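Report on the following structure.
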Amino acid sequence: MRYLPICLTKQKNTLFVTILLLSCITIKLDLCFSSVPSSLKALQLHGHFSFENNEFAARDFGNRYRLLPLAVLHPKSVADISTTIKHVWQTGPGSELTVAARGHGHSLQGQAQAHQGIIINMESLRGGDNMRVHEGRFPYVDVPAGELWINVLHETLKYGLAPKSWTDYLHLTVGGTLSNAGISGQAFRHGPQISNVHQLEVVTGKGEVVTCSEEQNADLFHGVLGGLGQFGIITRARISLEPAPKMVKWIRVLYSDFFTFSRDQERLISAENTFDYIEGLVIKNRSGLLNNWRASFDPKDPVQAKQFVSDGRTLFCLELTKNFDPNNAESVSKEIESLLSQLSYVPSTLFMSEVSYVEFLDRVHASEKKLRENGLWDLPHPWLNLLVPRSKIQSFASEVFGNILRDTSNGPVLVYPVNKSKWDNRTSFVPPEEDIFYLVAFLSQANPTSTGTDSLAHILTQNQRILDFCEDAHLGVKQYLPHYKTQEQWRAHFGPRWEVFVQRKSTYDPLAILAPGQGIFRKAISVL
Ligand code: FAD
């Protein structure tokens with residue numbers, strides 16, 4: 001594995017040799033580590049470090065990577081984060097110490113972990129009256145980055161307002177999703193969450209606290225958005241708001257062929273007058289599907305719906321919502337009817353439900369509770385998220401949904417298009433090279449005791465087959481929540497944006513202290 005050593009030309013009067021083979025300096029590092037706790041204990045902080053019982057920081061939602069940190073910082077102020085990073089920066093390349101922000105730990109492959117490093121528990125900074133809503137013509141909310149989106153929603157609803165762009169699951173932190181993108185069924189209209197931020201407060205890899213926006217320190221602002229935690233720790237974010245919808249009409253329909261399904265999806269995301277949320281799912285070999293839907297949805301035609309057989313079939317579910325106010329429910333129903341009349345789904349499969357806006361947005365949490373009750377939330381999650389250019393989605397679907405994917409019983413498979421005009425190409429996020437691209441998410445969970453099709457080994461092999469197919473067929477697919485093993489792969493992922501990414505790293509985190517769990521850069525260690 002090769003990593004990019006970061007050059008430290010500004011460290012004057014220091015003679016050092018960059019060591020790429022860390023195994024050669026084990027003795028020296030052991031000595032370094034033994035003195036680290038006392039140096040950290042000496043820092044003047046509002047919060048505190050914990051040096052024991054830190055196993056929680058060596059776990060994440062993926063449940064496959066376990067890197068135990070040396071210490072966890074529970075900050076009570078931004079100054080605590082700045083003091084800690086400044087200390088590590090000033091220690092220089094003589095120590096292997098790295099720092100990772102941990103949001104809610106919902107990463108998949110250890111991205112928020114730091115082997116023998118310092119984890120910053122961002123959730124310690126949230127709570128109290130730390131969120132400030134600003135009403136007016138262009139409303140926004142200032143929030144600590146360790147805040148969960150569900151809490152941001154509840155706070156802004158007190159003012160009749162809400163953020164515009166979401167993730168499917170709201171028990172994720174603001175800093176965690178802004179470090180990736182934050183994509184859901186509203187992204188076709190509003191762009192991802194990183195397109196809906198006005199300002200950030202960031203602590204860089206040198207410990208400087210910087211306010212940044214389009215107008216001020218714009219390079220850092222754009223770099224941090226989608227920046228995989230590489231350039232700084234986001235401590236506050238200013239998020240754009242809109243008047244909050246009260247209720248949601250939630251609709252599901254089925255298609256039996258991908259071409260018609262995706263044509264309708266693309267038509268909907270491009271239309272002026274359309275739905276408020278547009279996603280989709282691939283369903284393979286599911287028995288009694290429509291019967292299951294009845295628990296929370298009503299069929300438009302119960303008799304026909306009863307006769308529909310899903311067993312053994314590959315189906316595509318279009319999922320839509322339209323926001324409404326109970327006072328104008330009737331006119332919205334007519335609008336929905338008119339929109340649906342332009343689509344080519346299987347008529348007997350139209351199901352609808354009415355829920356509050358909060359209930360809709362927090363829908364995955366309801367599933368989480370059930371999975372937790374059955375001990376199924378903490379299983380390994382070998383997820384694979386891909387961004388597929390529009391021109392290649394039919395070949396992708398035919399090979400992957402038609403051949404590689406055998407069934408969808410291991411977890412949902414999402415597929416929906418988004419519009420790149422709503423994405424800012426100055427951020428660190430890497431999209432495919434077309435105006436419309438699809439998010440395809442294989443959200444599998446593995447049974448640790450199985451050797452069958454729900455085993456970790458089987459799912460990982462299937463994921464690799466999908467990746468190999470994309471590469472061999474030159475589909476121009478990008479990974480979302482990317483994970484690579486070598487720097488060559490990272491370079492290929494970023495393509496022409498790699499140089500800018502490296503430049504930003506050397507400007508804002510020249511020692512490569514931050515977010516080592518992403519595996520993009522490795523801290524260069526020196527011997528004095
Ligand atoms: P963590 O996992 O704690 O951190 C992620 C990365 O960001 C790490 O590298 C970490 O060091 C860094 N980081 C964390 N906080 C900060 C900060 N304040 N400043 C700088 N860097 C930071 N994503 C979507 O886009 N759309 C979805 O619909 C969606 N649904 C999901 C549903 C579930 C059930 C789960 C588990 C994940 C989902 N995700 C989705 C993925 C999610 O956006 C990422 O996993 C995200 O990283 C999780 O946020 P977190 O707060 O737990 O971050």
Side-chain angles (χ1 to χ4, degrees), residues 56-57 59-63 65 67 69 75 78 81 85 98-114 117-126 143-150 165-187 191-194 200-205 220 223-237 277 279 361-365 367-368 371-372 377-378 381 383 385 387 411-412 414 416 418 428-429 439 441 443 445 480-483 508-509 513-520:
F56 77 96
R59 270 191 225 116
D60 58 29
F61 182 75
N63 200 1
Y65 288 69
L67 304 171
V78 174
I81 298 176
I85 297 183
T98 54
V99 179
R102 183 178 199 273
H104 207 47
H106 277 51
S107 286
L108 300 166
Q109 289 118 334
Q111 284 90 341
Q113 300 179 25
I118 299 172
I119 295 297
I120 302 184
N121 183 23
M122 296 305 294
E123 293 193 77
S124 305
L125 269 186
R126 70 183 221 218
V143 297
E147 196 56 83
L148 296 178
W149 283 99
I150 183 68
S165 183
W166 296 99
T167 45
D168 293 343
Y169 173 63
L170 306 194
H171 298 247
L172 306 168
T173 66
V174 170
T177 68
L178 294 185
S179 299
N180 286 296
I183 311 172
S184 185
Q186 305 83 8
Q193 291 181 322
I194 55 171
L200 298 171
E201 180 187 67
V202 173
V203 181
T204 69
L220 179 62
V224 162
L225 294 170
L228 307 173
Q230 295 304 303
F231 312 119
I233 296 196
I234 306 168
T235 45
R236 287 189 78 77
Y277 157 101
E279 285 203 6
L361 288 180
D362 205 21
R363 62 199 178 280
V364 176
H365 189 51
S367 312
E368 174 187 357
L371 290 167
R372 279 192 190 280
W377 183 253
D378 293 324
H381 291 102
W383 287 9
N385 287 270
L387 304 170
L414 309 184
Y416 59 91
V418 291
S428 295
F429 176 81
L439 174 77
L443 308 179
Q445 59 186 34
Y480 177 53
L481 310 173
H483 177 68
Y508 304 113
D509 180 25
I513 289 167
L514 299 174
Q518 296 280 0
I520 307 172

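Since we're looking at a predicted model, the values are computed, not measured. When a ligand or atom number is given, it counts from 1 through the structure's own listing order.
- Contacts of Leu178 with ligand 1, taken as heavy-atom pairs under 4.0 Å, are absent altogether.
- Heavy atoms of Val364 stay at 4.0 angstrom or farther from ligand 1.
- Every atom of ligand 1 with a heavy atom of Leu481 under 4.0 Å away is listed here by number and element: 41 (C).
- Among protein heavy atoms, atom 11 (O) of ligand 1 sits closest to Ala101 O, 2.7 Å.
- The distance from ligand 1 to the heavy atoms of Ile234 drops below 4.0 Å at these ligand atoms: 17 (C), 18 (N), 19 (N), 20 (C).
- Counting only heavy atoms of the protein, atom 24 (C) of ligand 1 lies nearest to Thr167 CG2, 3.4 Å.
- Arg102 contributes a side-chain N or O that, together with a main-chain N or O of Phe56, makes up a donor-acceptor pair within less than 3.5 Å.
- Taking atom 25 (O) of ligand 1 as the reference point, the nearest protein heavy-atom neighbour is Tyr480 OH, 2.6 Å.
- For a threshold of 3.5 Å applied to N or O pairs, the pair formed by Gly229 and ligand 1 contains no separation below that value.
- For the side chain to side chain contact (heavy atoms under 4.5 Å, CB included) with Ile233, the lone residue among Val224, Val202, Ile120, Thr204 that qualifies is Ile120.
- When the heavy atoms of Pro192, Gly185, Pro144, Gly232 are ranked by distance to atom 20 (C) of ligand 1, first place goes to Gly232.
- The shortest N or O to N or O distance between Asn180 and ligand 1 is below 3.5 Å.
- Taking any N or O of Thr173, backbone or side chain, at least one lies under 3.5 Å from an N or O belonging to ligand 1.
- Comparing Val99, Leu172, Leu108 by heavy-atom distance to atom 39 (N) of ligand 1, the nearest is Leu172.
- Listed by atom number, the atoms of ligand 1 under 4.0 Å from Ala145 heavy atoms are 18 (N).
- Using 4.0 Å as the threshold, Gly105 has a heavy atom nearer than that to some atom of ligand 1.
- Using modelled atom types, one side-chain atom of Asn180 and one backbone atom of Gly176 make a donor-acceptor pair closer than 3.5 Å.
- Under 4.0 Å from ligand 1, the heavy atoms of Trp383 that appear belong solely to its side chain.
- Looking at every heavy atom in both residues, Thr98 comes nearest to Ala114 through OG1-CB, 3.8 Å.
- In this structure, a donor-acceptor pair under 3.5 Å is absent between the side chains of Thr167 and Trp149.
- Among protein heavy atoms, the minimum distance from atom 45 (O) of ligand 1 is reached at His106 O, 2.9 Å.
- What sits closest to atom 49 (O) of ligand 1 on the protein, heavy atoms only, is Gly176 CA, 3.8 Å.
- Rounded to the nearest 0.5 angstrom, Ser179 OG and Phe231 CZ are separated by 10.5 Å.
- In summary, the aromatic rings of His483 and Tyr65 are positioned with their centroids under 6.0 Å apart.
- Ring geometry for His106 against Trp377 counts as tilted: the plane angle lies between 30° and 60°, on a 0 to 90° scale.
- Near Asp168, the atoms of ligand 1 lying under 4.0 angstrom from a non-hydrogen atom of the residue are 27 (C), 28 (O).
- His171 and His365 have their aromatic ring centers within a separation under 6.0 angstrom.
- The closest donor-acceptor contact from the side chain of Glu123 to the backbone of Asn121 lies at 3.5 Å or more, if one exists at all.
- Taking atom 34 (C) of ligand 1 as the reference point, the nearest protein heavy-atom neighbour is Tyr169 CD2, 3.5 Å.
- Side-chain contact check for Glu147 versus Leu125: every heavy-atom pair is 4.5 Å or farther apart.
- Of the N or O atoms in Ser107, one or more lie within a sub-3.5 Å distance of an N or O in ligand 1.
- Within the 3.5 Å criterion, the main-chain N or O of Leu514 finds a donor-acceptor partner in the side chain of Asp509.
- Heavy atoms of Gly182 come nearer than 4.0 angstrom to ligand 1 in at least one pair.
- Residues Gln113 and Asp60 have side chains that bring a donor and an acceptor to within less than 3.5 angstrom of each other.
- The Thr177 neighbourhood of ligand 1 comprises atoms 43 (O), with distances under 4.0 Å to a heavy atom of that residue.
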### Message
Apply ring pair (Phe, Tyr, Trp, His ring centres under 6.0 Å) to residues Tyr277 and Trp166 and explain how you reach the verdict.
### Response
CA-CA 10 Å; Tyr277 157 101; Trp166 296 99; over 10 Å; no

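- Residues Gln186 and Ser165 have side chains that never bring a donor and an acceptor to within less than 3.5 angstrom of each other.
- Ligand-side atoms of ligand 1 in range of Met122: 18 (N), range being under 4.0 angstrom from any heavy atom.
- Look at Trp166 and you'll find every heavy atom at least 4.0 Å from all atoms of ligand 1.
- Atom 8 (C) of ligand 1 has as its closest protein heavy atom Gln111 O, 3.3 Å.
- Contacts of Gln518 with ligand 1, taken as heavy-atom pairs under 4.0 Å, involve the side chain alone.
- Here the heavy atom of the protein found nearest to atom 7 (O) of ligand 1 is Ser179 CB, 3.6 Å.
- Of all atoms in ligand 1, numbered sequentially from 1 with element shown, those under 4.0 Å from a heavy atom of Arg102 are 3 (O).
- For the atom pair CG (Leu228) and CG (Leu481), the distance works out to 9.0 Å, reported to the nearest 0.5 Å.
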